[in-house]
Asks: 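Before I ask anything, here is the structure I am working with.
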Amino acid sequence: MKEDLVSIITPVFNSELYLKTCIQSIIKQKYKNWELIIVDDFSNDNSKSVIQHYSSKDKRITPIFLEKNVGAGVARNLAIKKSKGRFIAFLDSDDYWSEFKLSKQINFMLDRNIEFSCGSYFKLDDNDKPYVIITPPAKIDAKWLKFNNYIKTLTVIYDTRRIGKVYMSNERKRQDWAMWLNILEKTKYAYSLDEALAYYRTSNESLSKDKIKLLKANYNFYENYYKKGKIISFYYLVIFLLVHFFYKFFGKKQLI
């Protein structure tokens with residue numbers, strides 16, 4: 001049976017240090033029917049040359065080079081608009097996948113008639129060594145997602161044939177969280193594959209290391225996304241903190 005096309009969305013900004021590993025992990029996929037739409041968001045390092053090198057060798061790779069910096073959400077939306085695949089997957093430029101990521105997750109979705117999926121992932125330390133596996137709940141609905149973003153972008157795949165194309169918010173912060181909630185307006189649950197097939201660099205968590213910025217970003221997300229006013233937004237933020245710390249200490253983790 002012919003494989004359905006998967007469109008992989010990768011925004012890039014000054015990622016030359018990790019970009020080769022990212023792209024090579026896609027090229028090595030056991031699932032072969034994919035397209036990579038890679039958007040360089042006006043990098044000022046050597047990222048453009050890396051992208052040109054790989055796109056010249058593999059016609060499944062489509063580069064887009066922007067003439068000004070627009071942010072990851074806008075860059076992803078440009079790629080989604082251009083995408084041709086039934087399935088849309090996301091991989092940021094400093095992360096990478098197991099070679100079985102697409103094949104196992106697409107089979108998981110098709111076998112169970114799933115429209116929206118995510119999965120477990122490895123966290124990498126500063127020496128690029130996996131040190132923990134993070135596993136989201138097996139089934140996530142909008143009610144639970146409202147108070148904690150259990151879903152990591154590099155694990156997401158959704159089915160455009162079933163729910164259409166869904167785009168990210170143009171906000172610079174929390175646009176992925178808003179997108180998952182928008183998808184859950186079209187389908188009831190996100191289902192998680194309980195196998196770590198993606199590798200996430202903890203350097204991506206620079207925002208979460210600044211607690212004040214984290215709280216401000218989440219408060220702004222609640223106020224802008226739900227449009228409920230300051231009191232309700234503050235209430236949501238308090239619930240978020242309670243859920244966040246509960247999940248942090250008691251959520252499903254596996255130390256390597």
Side-chain angles (χ1 to χ4, degrees), residues 3-11 21-22 24-26 28-34 36 72 76 80 85-124 129-142 144-145 148-163 166 168 175-184 186-202 204-205 208 243-244 247-248 250-256:
E3 295 175 333
D4 289 297
L5 179 65
V6 178
S7 296
I8 303 162
I9 308 301
T10 299
T21 301
C22 172
Q24 287 171 358
S25 78
I26 295 170
K28 292 177 181 177
Q29 290 297 301
K30 298 301 183 183
Y31 192 102
K32 299 302 182 184
N33 192 19
W34 52 262
L36 169 60
R76 290 189 187 106
I80 293 170
R86 171 181 176 179
F87 295 100
I88 289 181
F90 298 93
L91 180 60
D92 286 348
S93 55
D94 43 2
D95 302 324
Y96 63 97
W97 286 341
S98 156
E99 61 186 334
F100 299 102
K101 201 272 186 183
L102 289 181
S103 58
K104 289 190 174 183
Q105 194 165 346
I106 294 298
N107 285 338
F108 171 73
M109 294 177 71
L110 294 175
D111 290 347
R112 293 164 176 78
N113 198 30
I114 291 169
E115 299 162 329
F116 179 25
S117 72
C118 56
S120 304
Y121 60 95
F122 295 95
K123 275 191 172 184
L124 304 175
K129 300 295 184 184
Y131 70 95
V132 68
I133 297 172
I134 305 297
T135 300
K139 190 166 69 172
I140 304 164
D141 64 11
W144 287 106
L145 191 66
N148 194 43
N149 187 9
Y150 301 98
I151 299 172
K152 259 313 184 236
T153 305
L154 77 163
T155 72
V156 166
I157 300 179
Y158 74 90
D159 186 344
T160 67
R161 184 180 296 174
R162 301 277 299 279
I163 62 176
V166 182
M168 289 204 167
Q175 69 268 48
D176 56 341
W177 196 359
M179 185 181 189
W180 316 148
L181 288 164
N182 289 341
I183 292 176
L184 289 173
K186 299 174 178 290
T187 186
K188 192 170 183 180
Y189 296 107
Y191 293 89
S192 175
L193 177 62
D194 189 8
E195 181 177 358
L197 299 170
Y199 296 80
Y200 174 79
R201 297 186 193 278
T202 54
N204 293 347
E205 296 184 326
S208 65
V243 174
H244 172 77
Y247 184 68
K248 182 176 182 179
F250 300 106
K252 189 174 181 182
K253 298 181 181 179
Q254 177 182 340
L255 297 177
I256 303 300

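Values in this document were obtained by computation on a predicted structure and should not be read as measured data.
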Asks: Using a 4.5 Å cut-off on heavy atoms from C-beta on, say whether the side chain of L36 contacts that of Q29.
Replies: no

Asks: What's the separation between atom NZ in K152 and atom CG in D92, rounded to the nearest 0.5 Å?
Replies: 10.0 Å

Asks: Q24: what forms a side-chain hydrogen bond (donor to acceptor under 3.5 Å, both in side chains) with it, not counting sequence neighbours?
Replies: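 Partners of Q24 by the side-chain hydrogen bond (donor to acceptor under 3.5 Å, both in side chains) criterion, ordered by chain and then number, come out as Y54.
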
Asks: Are side-chain N/O atoms of N113 and R162 paired as donor and acceptor at under 3.5 Å?
Replies: yes

Asks: Testing the basics here: between S103 and F100, what is the closest heavy-atom pair and its distance to 0.1 Å?
Replies: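 Distance-wise, the nearest heavy atoms are OG-O, 3.1 Å.
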
Asks: Quick check for you: to the nearest 0.5 Å, what is the distance between S117 atom OG and I140 atom CD1?
Replies: 10.5 Å

Asks: Of all residues at least two apart in sequence or in a different chain, which pass the salt bridge (charged side-chain N to carboxylate O under 4.0 Å, His left out) check with K30?
Replies: E99

Asks: Backbone N or O of G85 within a donor-acceptor pair of the T160 side chain at under 3.5 Å?
Replies: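 Yes; judged by distance alone, with no hydrogens or angles, the pair exists.
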
Asks: Who pairs with Y96 by ring-ring contact (aromatic ring centres under 6.0 Å, His included), at least two apart in sequence or on another chain?
Replies: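 Residues passing ring-ring contact (aromatic ring centres under 6.0 Å, His included) with Y96: Y199.
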
Asks: For Y31, what residues pass the ring-ring contact (aromatic ring centres under 6.0 Å, His included) criterion, not counting sequence neighbours?
Replies: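 Y31 satisfies ring-ring contact (aromatic ring centres under 6.0 Å, His included) with no other residue.
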
Asks: Considering only heavy atoms from C-beta outward, does the side chain of F122 approach that of S98 to under 4.5 Å?
Replies: no

Asks: Looking at N33 and E3, what are the two nearest heavy atoms and their distance?
Replies: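 So the minimum-distance heavy-atom pair works out to ND2-O, 2.7 Å.
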
Asks: Any chance you could measure L184, atom CG, to F116, atom CZ, to the nearest 0.5 Å?
Replies: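 Rounded to the nearest 0.5 Å, the CG-CZ separation comes to 5.0 Å.
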
Asks: With the side chain counted from C-beta on, respond yes when K123 and Y131 share a heavy-atom pair under 4.5 Å apart, and no when they do not.
Replies: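 Answer yes - side chains close enough.
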
Asks: Sort and list the pairs that fulfil salt bridge (Lys or Arg N to Asp or Glu O under 4.0 Å) and have at least one residue in residues 102-113, not counting sequence neighbours.
Replies: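 Listed by first then second residue: K104-E195.
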
Asks: Specify the closest pair of heavy atoms between D95 and R201, including all atoms of both residues, with the distance to one decimal.
Replies: OD1-N, 3.1 Å

Asks: Indicate yes or no: at least one non-hydrogen side-chain atom of W97 is less than 4.5 angstrom from one of I8.
Replies: yes

Asks: Using a strict cut-off of less than 4.0 Å between a Lys/Arg side-chain nitrogen and an Asp/Glu carboxylate oxygen, indicate whether R86 and D159 qualify as a salt bridge.
Replies: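 Answer for the salt bridge query: yes.
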
Asks: Using 0.5 Å steps for rounding, measure from the NZ atom of K101 to the CG atom of L193.
Replies: 8.5 Å

Asks: Is the shortest side-chain heavy-atom distance between L102 and I157 below 4.5 Å?
Replies: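 Yes, close enough: below the 4.5 Å cut-off.
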
Asks: Side chains of P136 and S120, heavy atoms from C-beta outward: is any pair under 4.5 Å?
Replies: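 They are in side-chain contact.
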
Asks: Taking all heavy atoms of Q105 and all of C118, pick out the closest pair and write down the distance.
Replies: NE2-O, 3.7 Å

Asks: Who are the side-chain hydrogen bond (donor to acceptor under 3.5 Å, both in side chains) partners of D194, not counting sequence neighbours?
Replies: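 For D194, the residues satisfying side-chain hydrogen bond (donor to acceptor under 3.5 Å, both in side chains) (neighbours in sequence not counted) are K252.
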
Asks: Going by an N to O cut-off under 4.0 Å, is there a salt bridge joining R161 and D4?
Replies: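 Here R161 pairs with D4 in a salt bridge, since their nearest N and O are under 4.0 Å apart.
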
Asks: Does D176 reach the main-chain N or O of M179 with its side chain, forming a donor-acceptor pair under 3.5 Å?
Replies: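 No.
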
Asks: With rounding to the nearest 0.5 Å, note down the distance linking CG in L91 to SG in C22.
Replies: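 Going from CG on L91 over to SG on C22, the span is 4.0 Å.
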
Asks: Working note: E115 + K186, criterion side-chain contact (heavy atoms from CB on, under 4.5 Å); need CA distance, chi angles, decisive distance, verdict.
Replies: CA-CA 9 Å; E115 299 162 329; K186 299 174 178 290; over 6 Å; no

Asks: Side chains of F90 and Y158: closer than 4.5 Å at any heavy-atom pair?
Replies: yes

Asks: Is any side-chain heavy atom of Y191 less than 4.5 Å from a side-chain heavy atom of F108?
Replies: yes

Asks: Working to the nearest 0.5 angstrom, can you tell me the gap between M168 CE and T153 OG1?
Replies: 5.0 Å

